[in-house]
Amino acid sequence: MKKDFLSIQDLSLEEIYEIFELADELRNIWREKKGEVFSYQPLQGKTLALIFDKPSTRTRVSFEVAAYHLGAHPVFLSAQDIHLGKSESLEDTARVISKYVDAVVIRTFGQEKVEKFAAFSDVPVINALSDLLHPCQALSDYYTLYRRKKLNQNIKFSYVGDGNNVCHSLILGAAKLKVNLIVATPEKYKPKPFILKEIKEMQDKIKITQDPKLAVDGADVIYTDVWVSMGQEKEKKEKKEIFRPYQVNSSLLSLAKPDALVMHCLPAHRGEEITDEVIDGKNSIVLEQAENRLHIQKALLVKLMKG
Ligand code: CP
Ligand code: NVA
């Protein structure tokens, strides 16, 4: 039976660690033996469709490169290129595309669209970001913490900013990986209640507050994301006001442990949710996070497509 990756919850803990271990091997080949990058091609002869309804730098490029290295052929389709939900129903597009390719990566607006596409597709579907979730990002970010030996029950992981798609997937990942996560958002922009309901048996590990200082006090890791996500541009003026106290700047960072790691999924809106001095500073690991998207997505593609 095909396996989709629409949310972190679609993977067991054991599967997550298998993906991390394979990503380590692939990272090693990429970093140490670039010339041998084509030596491991378990997806030879396969094809991967990449359907993007929103812009993307990291996700698109890392999936395309990942497919190429693994021997698969990527086919990129922007919303303008295909009929998806406009002159053809989503169901029909999913049924047809899955007759040609071996897996589909999709980035769109509603999570229900991703789920409907998966329901009508014969091949694995990967959620490359919806308004609700960004599971590839969270999987990769927890891999970054795993590599940094910070993926254990003793760390304090703080998320400061909008209770959005990235935050939701980090919450679901924290529940699965038993990470102490504290999320600080304005009341109006807290994570969706049903996400918190999903993880209710883990509530003692995941705390929600409106106080960014409390969240980062003594933190090992501080994570933030844009205040205005793709598709929310109309809310920009209001959000910039409400979120001002949630900016990750030197003053907020000074409350965390001196060696705290600063994370951001990127793209960053510098001067809004994070200042230049922090994102470019010694605590920042944002480029390491971005690179790991390649390794983790390679491992994910192998896991879902090899069978
Ligand atoms: N972090 C991330 O998903 O970036 P892109 O929007 O550039 O893909
Ligand atoms: N929350 C951001 C994440 C971008 C990777 C957005 O949805 O635009």
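Counting starts at 1 for both ligands and their atoms, in listed order. Since this is a predicted model, take the numbers as computed values, not measurements. Excluded from the calculations below are hydrogen atoms, water molecules and symmetry mates; all remaining heavy atoms, backbone and side chain alike, are included.
- Against a heavy-atom cut-off of under 4.0 Å, Leu266 is close to the following atoms of ligand 2: 5 (C).
- In terms of polar-atom proximity, defined here as any N/O pair under 3.5 Å, Leu129 makes no such contact with ligand 1.
- Using modelled atom types, one finds no donor on one side chain facing an acceptor on the other under 3.5 Å when comparing Thr224 with Glu273.
- The single protein non-hydrogen atom nearest to atom 1 (N) of ligand 1 is Leu266 O, 2.7 Å, given as residue, atom name and distance.
- Note on ring orientation: taking the six-membered ring where Trp is involved, the planes of Trp227 and Phe243 are parallel (angle under 30°, cut-offs 30° and 60°).
- Side chain to side chain, Asn127 and Gln111 meet the donor-acceptor criterion of an N or O pair below 3.5 Å.
- Of all protein heavy atoms, the one lying nearest to atom 3 (C) of ligand 2 is Asp225 OD2, 3.6 Å.
- Taking every heavy atom of Leu129 and a limit of under 4.0 angstrom, the matching atoms of ligand 2 come to 3 (C), 4 (C), 5 (C), 7 (O).
- Relative ring orientation between Trp30 and His295 is described as tilted, the plane-to-plane angle lying within the 30° to 60° band.
- Between the side chains of Ser78 and Gln80, at least one donor-acceptor pair of N or O atoms lies under 3.5 Å.
- Ligand 1 has at least one atom lying under 4.0 Å from a heavy atom of Arg293.
- Taking the six-membered ring where the residue is Trp, Phe52 and Phe76 present tilted rings, their angle falling between 30° and 60°.
- Distance check, rounded to the nearest 0.5 Å: CD1 of Ile222 to OH of Tyr159 gives 13.0 Å.
- Numbered from 1 in the order shown, with element, the atoms of ligand 1 that lie under 4.0 Å from a heavy atom of Arg107 read 3 (O), 5 (P), 6 (O), 8 (O).
- Ligand-side atoms of ligand 1 in range of His134: 2 (C), 3 (O), range being under 4.0 angstrom from any heavy atom.
- Summary of contacts: the protein heavy atom closest to atom 7 (O) of ligand 1 is Thr57 N, 2.7 Å.
- If you check which protein heavy atom lies closest to atom 8 (O) of ligand 2, you get Met230 N, 2.8 Å.
- One finds no salt bridge joining Arg147 and Glu288 here, because no Lys/Arg side-chain nitrogen approaches an Asp/Glu carboxylate oxygen to under 4.0 Å.
- Note: an N/O pair closer than 3.5 Å links Asn165 and ligand 2 by distance alone.
- Looking only at heavy atoms of the protein, atom 4 (O) of ligand 1 is closest to Arg58 NE, 2.9 Å.
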